[in-house]
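Remarks on the structure that follows.
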Amino acid sequence: MRLKRTHFIEELIREDFLGKEVVVSGWVLRRRDHGGVIFLDLRDRTGLLQVVFEEGVAQEVFDIADQVRIEYPVSVKGIIRRRPEGMENPKIPTGYIELSASDVEIHNTSKTPPFPMDEDLSQVSEATRLRYRYLEMRALGGHSPFIFRHNVNLAIRNFLSERGFLEIETPFLTKSTPEGARDFLVPSRLYPGKFYALPQSPQLFKQILMVAGFEKYFQIVRCFRDEDLRADRQPEFTQLDLEMSFVDEEDVMSLCEELLAHLFEKTLGITLSTPFPRLSFDKAMELYGTDRPDLRFGLELKEATDLAKEAQFQVFRGAVEKGGIVKGLAAPAHFSRKELDELTKYAQELGAKGLAWIKYTKNAASFEEKWASPIVKFFPREVLERLEERFELRDEAYTLFFVADTPQQTNLVLSELRKHLAERLKLIPEGMFSFLWVVDFPLFEWDDEEGRLVAVHHPFTHPKLEDLDRLESEPLSVRSRAYDVVLNGIEVGGGSIRIHRRDLQERIFKLLNISQEEAEDKFGFLLQALEYGAPPHGGIAFGLDRLIMLMLGKKSIREVIPFPKTQRGQCLLTGAPAEVTLKQILELHIMPGWKEPSTQGEKNLLKEGEEKDE
RNA sequence: GGGGCUGUAGCUCAGCACGGUCAGAGCGCCUGCCUGUCACGCAGGAGGCCGCGGGUUCAAGUCCCGUCAGCCCCGCCA
């Protein structure tokens with residue numbers, strides 16, 4: 001390297017560089033060749049600078065400049081000078097200066113990039129961008145999500161460090177735990193037939209750190225879950241994990257509010273209003289049909305089971321007789337028949353048997369026009385009037401939508417319909433950050449597939465103290481000391497106060513149908529640690545990718561992860577997952593080319609294995 | 001495991017409903033010209049397994065079946 005950078009481009013904006021000789025290094029964004037004068041727009045991480053090769057420069061330098069193409073990395077020596085009168089470019093910060101080149105060094109050539117490097121790449125297919133992720137990042141603006149992410153990490157570390165938290169690392173090669181998501185497994189070379197698991201979260205280790213007396217721990221840490229992907233789910237993702245000792249829910253939640261407020265202030269300059277609103281799980285389900293409601297808009301659900309009972313509508317009655325419920329929402333709009341069919345189809349795709357609708361017009365000429373719907377004839381006039389009251393129909397035009405089904409199904413369909421209608425009717429304000437806490441979750445839920453109770457949060461979550469005496473008698477009525485942070489309808493964090501005494505932890509395991517042997521085998525180290533003076537403790541984990549995605553207004557966490565996987569779990573850049581040599585496989589004592597069992601004998605073997613596992 | 005959308009030039013896409021001037025556009029790229037441009041301009045040019053395989057047909061980007069890949073969703077996953 002003959003020419004060595006003396007300055008980054010953004011530094012050169014300062015007046016005192018005028019007339020000074022500097023060397024800048026970077027990539028050529030654009031080239032404008034006028035025959036006798038060549039302009040290069042040179043880009044480094046900090047900015048964009050116009051370089052001019054013109055009359056007076058040595059012929060061999062000009063000849064080299066003539067060979068430069070887009071995306072060549074080059075260094076240029078020259079004098080910074082003010083641009084001639086009328087030649088300024090107000091679009092860029094360096095638009096009033098330019099570098100009058102006296103020397104240039106081409107460090108490398110470049111093939112023509114597969115997509116333009118100087119415009120918005122959001123129109124380019126994601127697959128192409130992922131395959132050439134390094135070019136997408138290098139392109140204009142391509143660094144910014146990752147610079148932002150750096151700033152987020154820095155703000156978090158500064159804030160927590162200031163508050164006495166210690167960042168402590170925990171292992172990636174650890175032990176598989178039952179409960180929760182499927183583990184990624186790593187076969188052990190030294191112990192044939194044994195496996196490490198990649199952590200789904202550092203949960204157990206952070207609890208051990210509390211037993212170890214660190215008091216306040218945090219970590220920005222990768223977690224792994226071998227489940228199917230979504231726009232907001234990757235097999236490896238990053239959590240901000242933290243845990244504190246001698247605290248209760250309020251301590252953790254208020255710390256989180258301060259942390260998030262600090263974060264938004266430092267990185268976006270946005271002041272969040274704290275404390276965040278709180279909603280119990282039951283209330284959230286009642287009003288929104290989901291435990292992670294988007295509060296940026298209204299469209300609250302209303303129960304109408306009682307009114308449905310008074311109508312002659314068989315669809316509603318049948319559902320109620322089978323123990324179902326009827327709920328609905330009022331969208332402030334009228335829809336065409338075609339739109340109503342589309343909405344019905346949408347509801348059916350979510351598993352609804354149908355979608356009942358009533359078109360309401362407040363100041364209609366007649367009662368028939370006020371309540372227009374194929375089902376309205378089944379409703380006594382008085383019931384319709386009570387619907388008007390219940391749904392608070394104050395404006396001129398509404399369409400009421402109803403679903404009648406099991407509570408779970410009804411809530412699922414209506415919560416999705418609510419979001420769908422809000423988007424469609426443009427009820428969601430731009431640029432709004434609507435945080436809330438969801439609290440008072442049930443501790444357990446019934447898993448039909450497994451025929452046993454499972455933990456809603458995780459098995460280490462502390463039950464509510466006032467519910468403790470019902471733990472064995474009415475486990476499904478017991479609430480937990482867990483809390484979720486929801487931002488704009490997406491869960492961005494969740495945590496709980498943990499069990500810190502062995503006897504209670506064992507009672508929970510028992511209710512979860514985890515045998516004493518299994519508990520000892522899988523969590524013996526934790527149970528033992530709890531016996532050595534484990535302090536009361538609790539914490540939380542934030543999905544950092546999701547949080548950053550929302551802060552930047554992106555639609556997918558892939559946009560804020562430098563090298564993400566596709567929906568089928570592939571890395572388009574490296575081609576992972578990939579085959580390995582037979583030698584590597586054999587060293588791990590595993591079978592190459594293993595496929596789904598096809599014969600009955602193979603299936604029996606698999607079944608035995610599963611039973612042993614659980 | 002299931003549902004939906006997409007796949008045509010390096011990139012973005014049109015052409016598919018009704019099979020036959022249907023291998024097209026814009027941008028990019030290459031060559032030449034050009035001393036003040038900044039999305040420079042002008043002139044010329046190259047570039048195609050119409051994702052892949054099979055089928056129907058005299059004839060298939062176009063219709064049918066399968067398959068692969070990307071995206072969104074359900075299941076799964078906090």
Side-chain angles (χ1 to χ4, degrees), chain A residues 29-42 48-57 62 69-71 83-92 94-95 98 100 111-132 135-136 140 179-183 200-201 203 223-235 237 239 291-292 345-346 348-351 412-413 416 419-420 438 441 447 449 454-458 461 482-486 490-496 540-543 546 555-556 558 565-568 570 572 596:
Chain A
L29 179 67
R30 281 185 287 255
R31 197 179 100 91
R32 291 177 295 280
D33 182 352
H34 288 251
V37 56
I38 296 173
F39 299 98
L40 300 180
D41 288 342
L42 191 74
L48 197 58
L49 179 67
Q50 171 165 285
V51 177
V52 196
F53 294 86
E54 61 193 332
E55 202 172 11
V57 74
F62 198 88
R69 291 291 177 275
I70 280 172
E71 291 312 311
R83 289 196 190 183
E85 190 82 23
M87 301 301 164
E88 299 88 354
N89 181 355
K91 289 184 215 158
I92 56 172
T94 57
E98 61 188 6
S100 176
K111 292 172 78 173
T112 304
F115 38 70
M117 300 291 281
D118 59 347
E119 40 186 271
D120 178 24
L121 291 184
S122 63
Q123 297 307 307
V124 176
S125 80
E126 194 180 355
T128 305
R129 289 187 283 127
L130 288 184
R131 195 159 282 126
Y132 298 96
L135 290 179
E136 184 191 8
L140 219 50
E179 306 291 313
R182 189 178 297 118
D183 286 318
Q200 297 176 25
S201 78
Q203 182 61 36
C223 302
F224 306 86
R225 291 176 191 166
D226 191 3
E227 298 291 349
D228 287 353
L229 284 71
R230 288 283 189 284
D232 61 354
R233 266 161 40 190
Q234 283 273 306
F237 60 100
Q239 281 189 347
D291 61 358
R292 43 186 170 84
K345 188 164 169 256
Y346 180 79
Q348 283 169 337
E349 278 163 8
L350 293 164
L412 171 78
V413 173
E416 291 301 318
K419 283 194 284 187
H420 185 76
V438 179
F441 283 86
D447 186 321
E449 210 171 295
V454 294
V456 168
H457 190 62
H458 57 53
T461 304
Y483 31 80
D484 277 2
V485 198
V486 177
I490 293 179
E491 186 203 321
V492 293
S496 61
I540 195 164
F542 289 93
R546 283 184 188 176
K555 290 211 158 53
S556 154
R558 293 187 299 272
K565 310 276 186 289
T566 68
Q567 187 158 56
R568 295 279 307 272
Q570 284 189 307
L572 293 182
E596 280 292 315

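In what follows, chains carry the letters A, B, and so on, assigned in the order in which the sequence lines appear, proteins first and then strands, with residues in each chain numbered from 1.
Partner assigned to B/C42 is B/G32, using Watson-Crick or G-U wobble distances below 3.5 angstrom. The partner of B/G47 cannot be assigned: no Watson-Crick or G-U wobble pair with both contacts below 3.5 Å exists in any strand. Pairing for B/A60 is absent, judged as Watson-Crick or G-U wobble with the two contacts each under 3.5 Å. Under the Watson-Crick or G-U wobble criterion, with both distances below 3.5 Å, B/C13 is paired with B/G24. Under the Watson-Crick and G-U wobble criteria, each requiring two contacts below 3.5 Å, nucleotide B/G66 is paired to B/C52.
With distances taken from any side-chain atom of A/Arg230 to the nucleotides B/G75, B/A78, B/G36, the minimum falls on B/G75. Closest contact between the side chain of A/Gln200 and the listed nucleotides B/A78, B/G75, B/C72 involves B/A78. For A/Glu54, counting side-chain heavy atoms from C-beta on, the closest listed nucleotide (B/C11, B/G36, B/C40) is B/G36. The nucleotide whose nearest atom lies closest to any side-chain atom of A/Val124 is, among B/U12, B/C71, B/U37, B/U12. Residue A/Ala127 places its side chain closer to B/G70 than to any other of B/G70, B/U31, B/C38. For A/Asp291, the side-chain atoms get nearest to B/A78 when compared with the rest of B/U37, B/A78, B/U12. Counting only heavy atoms from C-beta on, A/Arg233 has its side chain closest to B/C76 among B/G10, B/U37, B/C76.
A/Tyr346 and A/His420 have parallel rings, their planes meeting at less than 30° on a 0 to 90° scale where 60° marks the start of perpendicular.
A/Arg32 and A/Asp41 are joined by a salt bridge, as a carboxylate oxygen and a charged side-chain nitrogen come within less than 4.0 angstrom of each other.
We find that the ring of A/His34 and the base of B/U37 do not stack by the test of centres under 5.5 angstrom and planes tilted less than 30°.
Among the atoms of the strands shown, none is found under 4.0 Å from any heavy atom of A/Ser201.
Place A/His457 and A/Gly36 on RNA chain B by their nearest nucleotides, and A/Gly36 ends up nearer the 5' end. Residue order along RNA chain B, read from the 5' end via each residue's closest nucleotide, puts A/Arg83 first among A/Glu126 and A/Arg83.
The neighbour count for A/Tyr132 OH, taken as heavy atoms of other residues, nucleotides or ligands under 6.0 Å away, does not exceed 12.
For B/U37, the OP1/OP2 oxygens have no side-chain nitrogen or oxygen of A/Arg32 closer than 4.0 Å.
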